[in-house]
Amino acid sequence: QSGITPYLTVQQISASLPSSLTDSAYVTMSCNHNWTVTAACDWLQTNPSTGYGSTEFAIYATALNPSCTPRTCLLTFTGETGIRDYVTVTQLGTPPELGASPISYQFENETNDQMTLDITSNTEWNITGDISWLTLSDVSGSGNGSVTMTTCEYNNSSETRYDTLIIETECNYSSEVIVSQIGIFLYISESALMLDAPAQSADSMTVFANRNWQINNIPSWLIASPSHGIGETEVVFTSNTANDDLIERAAIISVVSNDL
């Protein structure tokens with residue numbers, strides 16, 4: 001008397017798992033005899049792994065996927081008669097950690113102005129961005145790290161200039177950092193000053209600048225101290241003679257920088 005015809009068929013040919021260990025995938029097998037399940041990797045298991053007859057299986061990972069790239073493993077369902085069927089299981093990759101703090105920096109209009117970029121990561125990273133006025137202490141690293149950014153040029157424009165640094169990890173994860181360097185500026189705190197009539201009367205204003213400056217067109221009856229400088233400076237104007245006329249005397253002076 002002939003026996004029954006053996007069969008073994010898995011309903012799905014593939015299954016997917018997250019990178020973590022939180023979820024399982026399920027497949028169903030139709031079978032009419034004893035069977036076993038084996039995995040071609042050490043990070044995948046099924047429940048059950050042996051048995052008889054048709055069964056629903058829970059497939060779960062026993063280890064996190066350490067890479068951001070998905071990995072696959074082949075499950076082989078083998079019946080006692082040698083019949084086989086297969087399921088390809090894919091475990092998704094783990095997104096790399098990547099962060100930068102802060103995400104924007106503004107440098108002074110000078111050389112050797114330094115700031116620190118702090119990078120938080122759990123993998124290797126590279127920094128790209130061809131910025132002629134900025135040097136970096138490191139352009140690559142692994143894990144958490146700090147990069148010293150140093151200006152190597154003045155900004156000879158009156159406009160702030162902006163550039164972008166891109167921090168990249170594997171699997172095309174990236175983070176952007178905006179860097180800027182302020183332009184040349186020059187302005188004064190007062191647009192008009194009034195001195196009393198006697199000699200040695202004085203008033204003052206503040207010059208705000210990030211380059212050298214000088215005061216031009218100072219009349220002979222007025223002393224400016226200082227008459228030139230760099231950076232933020234208070235300038236005191238003192239009359240060296242009294243104004244004995246009944247009408248005011250006036251002078252238009254200018255504060256200039258050869259860099260502008």
Side-chain angles (χ1 to χ4, degrees), residues 100-118 127-139 146-167 175-260:
S101 177
I103 59 173
S104 64
Y105 296 80
Q106 185 171 76
F107 292 87
E108 297 296 331
N109 194 341
E110 57 187 50
T111 59
N112 296 317
D113 187 23
Q114 292 187 338
M115 291 188 180
T116 300
L117 168 63
D118 291 319
I127 302 176
T128 60
D130 186 14
I131 303 176
S132 63
W133 54 270
L134 195 66
T135 62
L136 306 179
S137 60
D138 293 293
V139 294
S146 295
V147 176
T148 300
M149 302 179 292
T150 306
T151 56
C152 56
E153 293 179 5
Y154 289 101
N155 180 2
N156 292 317
S157 168
S158 60
E159 301 292 332
T160 299
R161 57 182 173 185
Y162 295 87
D163 280 291
T164 302
L165 293 173
I166 301 177
I167 309 169
S175 180
E176 291 188 355
V177 174
I178 305 300
V179 292
S180 61
Q181 186 182 32
I182 62 175
I184 303 170
F185 65 82
L186 171 64
Y187 62 95
I188 56 178
S189 62
E190 310 293 335
S191 60
L193 298 175
M194 177 64 74
L195 305 183
D196 293 332
Q200 303 306 310
S201 296
D203 203 350
S204 66
M205 71 177 186
T206 301
V207 177
F208 300 93
N210 59 358
R211 291 293 182 89
N212 293 308
W213 54 266
Q214 66 183 36
I215 301 176
N216 292 340
N217 304 320
I218 303 173
S220 60
W221 53 268
L222 192 63
I223 298 173
S225 180
S227 61
H228 60 276
I230 184 172
E232 179 179 335
T233 308
E234 182 183 33
V235 180
V236 178
F237 293 91
T238 305
S239 60
N240 56 21
T241 60
N243 183 7
D244 297 326
D245 293 333
L246 296 178
I247 60 175
E248 297 175 352
R249 59 183 175 185
I252 299 177
I253 63 172
S254 59
V255 183
V256 301
S257 172
N258 291 330
D259 295 324
L260 289 172

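We use all heavy atoms of the structure for the numbers below, so side chains are in, but hydrogens, waters and symmetry mates are not. None of these values were measured; they are calculated from a predicted model.
By the 4.5 Å heavy-atom criterion applied to side chains, N240 and S220 are not counted as neighbours. Looking at Y154 and N210, their side chains never come closer than 4.5 Å, going by heavy atoms from C-beta outward.
Using a distance-only test at 3.5 Å, with no hydrogens or angles considered, no donor-acceptor pair links the side chain of S227 to the main chain of A224. Without hydrogens or angle criteria, Q181 side chain to E108 main chain gives a donor-acceptor distance under 3.5 Å. Under a 3.5 Å cut-off, the side chain of W213 and the backbone N or O of G231 do form a donor-acceptor pair. At least one donor-acceptor pair under 3.5 Å links the side chain of T135 to the backbone N or O of T150. No donor-acceptor pair closer than 3.5 Å links the side chain of S239 to the backbone N or O of D196. Within the 3.5 Å criterion, the main-chain N or O of Q200 finds no donor-acceptor partner in the side chain of T238.
What you find for L222 and L195 is that their closest heavy atoms are CD1-CD1, 3.5 Å. V235 approaches V207 most closely through the heavy-atom pair CG2-CG2, 3.8 Å. In terms of heavy atoms, Y105 sits closest to T116 at OH-O, 3.0 Å. Pairing each heavy atom of N217 with each of S254, the nearest pair is ND2-OG, 3.4 Å.
For the atom pair N212 CG and I230 CD1, the distance stands at 4.5 Å (nearest 0.5 Å). Between T233 atom OG1 and M205 atom CE the span is 10.0 Å, to the nearest 0.5 Å. Distance check, rounded to the nearest 0.5 Å: CE of M149 to CG of D138 gives 12.5 Å. Between L134 atom CG and Q114 atom CD the span is 10.0 Å, to the nearest 0.5 Å. Here the straight-line distance linking atom OG1 of T151 with atom CD1 of I131 works out to 12.0 Å at 0.5 Å rounding. For the atom pair I188 CD1 and T206 OG1, the distance stands at 10.0 Å (nearest 0.5 Å).
A donor-acceptor contact closer than 3.5 angstrom links the side chains of Q214 and N216. N156 and R211 are linked by a side-chain donor-acceptor pair at a separation below 3.5 angstrom, with hydrogens and angles left out of the test. Judged by distance alone, the side chains of E176 and T164 never bring a donor and an acceptor atom under 3.5 Å apart. Side chains of T241 and R249: a donor on one and an acceptor on the other come within 3.5 Å.
Using bins of under 30°, 30° to 60° and over 60° for the plane-to-plane angle, the ring pair F208/Y187 lands in the parallel bin.
Counting non-hydrogen atoms of neighbouring residues, nucleotides and ligands closer than 6.0 angstrom, the CG atom of L193 exceeds 12 such neighbours.
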